[in-house]
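Keep in mind that the numbers below use all heavy atoms, side chains included, and drop hydrogens, waters and symmetry copies.
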Amino acid sequence: MANTFKVGASLYSLQLEYLNHEWSFEDCMQLASMTGDKGVEIVGPMHHRCWPGLSKEFERAFKSGCERWGLTPTQYGAYSEAAIVVDLDDRFDFHVLQMQTTKKLGFPLCRIQTPGCDPLLERLAPVAEKMKVKLAMEITRGAELMNPEGTAVEKIMKINSAWLGFNPDCNMFEDRRKER
């Protein structure tokens with residue numbers, strides 16, 4: 001069986017140095033180019049200051065960094081928790097804005113956080129298909145896959161869109177009992 005997985009870097013892993021101004025965005029892009037298959041993920045609110053919108057300056061910096069360092073955009077990390085935007089219509093618009101950013105930057109996939117929000121996912125699925133941007137619901141805990149309202153898998157299957165899927169956060173597999 002052919003290896004279908006490729007290795008890349010999330011600039012999230014460089015957030016401390018970036019946010020403390022030890023490394024520039026260009027430095028982070030260069031470091032990302034030194035890993036695996038040169039895929040790169042960014043997280044919206046951490047990496048571009050005009051989030052959730054997109055400035056022309058950041059768009060140019062990101063695209064020129066990808067070209068200069070031979071990077072392939074793999075995943076855009078959007079934020080959309082109910083604590084940030086409560087109203088469902090506003091949350092929909094907030095997601096669409098970030099999906100537009102995903103598309104403009106050349107990412108094929110937008111990671112979202114919408115646990116238990118079937119109506120929002122149902123509304124976003126046709127938008128994702130029209131934009132040709134896949135939405136990956138982030139799973140940060142194994143418990144999110146199973147809950148009384150139905151599993152996340154069942155919810156995605158019910159919506160029945162090839163443009164919706166999952167992105168497991170590898171921390172969900174980490175054993176933190178020693179820290180407690």
Side chains of [X] and [Y], heavy atoms from C-beta outward: is any pair under 4.5 Å?
X	Y	answer
Pro119	Leu88	yes
Ile42	Phe107	yes
Val40	Trp69	no
Trp163	Leu124	no
Ile112	Leu121	yes
Thr101	Lys104	no
Val133	Leu109	no
Leu120	His95	yes

Flag yes if [X] and [Y] sit in one hydrophobic cluster, no otherwise; membership is Ile, Leu, Val, Met, Phe, Trp, Tyr, and two members link when side-chain heavy atoms are under 4.5 Å apart.
X	Y	value
Trp51	Leu54	yes
Trp23	Met34	yes
Met99	Phe166	yes
Leu14	Met29	yes
Val43	Leu97	no

Gap separating the [atom1] atom of [X] from the [atom2] atom of [Y], nearest 0.5 angstrom:
X	Y	atom1	atom2	value
Thr74	Lys38	OG1	NZ	14.0 Å
Ser33	Arg68	OG	CZ	11.0 Å
Thr102	Leu135	OG1	CG	8.0 Å
Gln30	Leu71	CD	CG	10.0 Å

Exercise. Going by an N to O cut-off under 4.0 Å, is there a salt bridge joining Asp93 and Arg123?
Worked result: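 Judged by the 4.0 Å cut-off on N to carboxylate O distance, Asp93 and Arg123 do not form a salt bridge.
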
Exercise. Is the shortest side-chain N to carboxylate O distance from Glu59 to Lys63 below 4.0 Å?
Worked result: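 Lys63 and Glu59: salt-bridged.
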
Exercise. Phe58 and Phe25: aromatic ring centres closer than 6.0 Å?
Worked result: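 When the ring centroids of Phe58 and Phe25 are compared, they turn out to be within the sub-6.0 Å range.
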
Looking at [X] and [Y], would you say the former's side chain and the latter's main chain have a donor-acceptor pair under 3.5 Å?
X	Y	result
Lys103	Met131	yes
Tyr18	His47	yes
Gln15	Met46	no

For this session: Can you see which heavy atom on Ser55 is nearest to which on Cys50, and at what distance?
Result: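 The pair with the smallest heavy-atom distance is N-SG, 3.0 Å.
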
Exercise. Which of parallel (below 30°), tilted (30 to 60°) and perpendicular (above 60°) describes His48 and Tyr76?
Worked result: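 Judged by the thresholds at 30° and 60°, the geometry between His48 and Tyr76 is tilted.
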
Problem set entry | Heavy-atom neighbours of Glu22 CD exceed 12 at 6.0 Å |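 Counting neighbours around CD of Glu22, more than 12 heavy atoms of other residues, nucleotides or ligands fall under 6.0 Å, so yes.
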
Problem set entry | Atom CD of Glu57 with >12 non-hydrogen neighbours under 6.0 angstrom |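 Atom CD in Glu57 is not crowded, with 12 or fewer foreign heavy atoms closer than 6.0 Å.
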
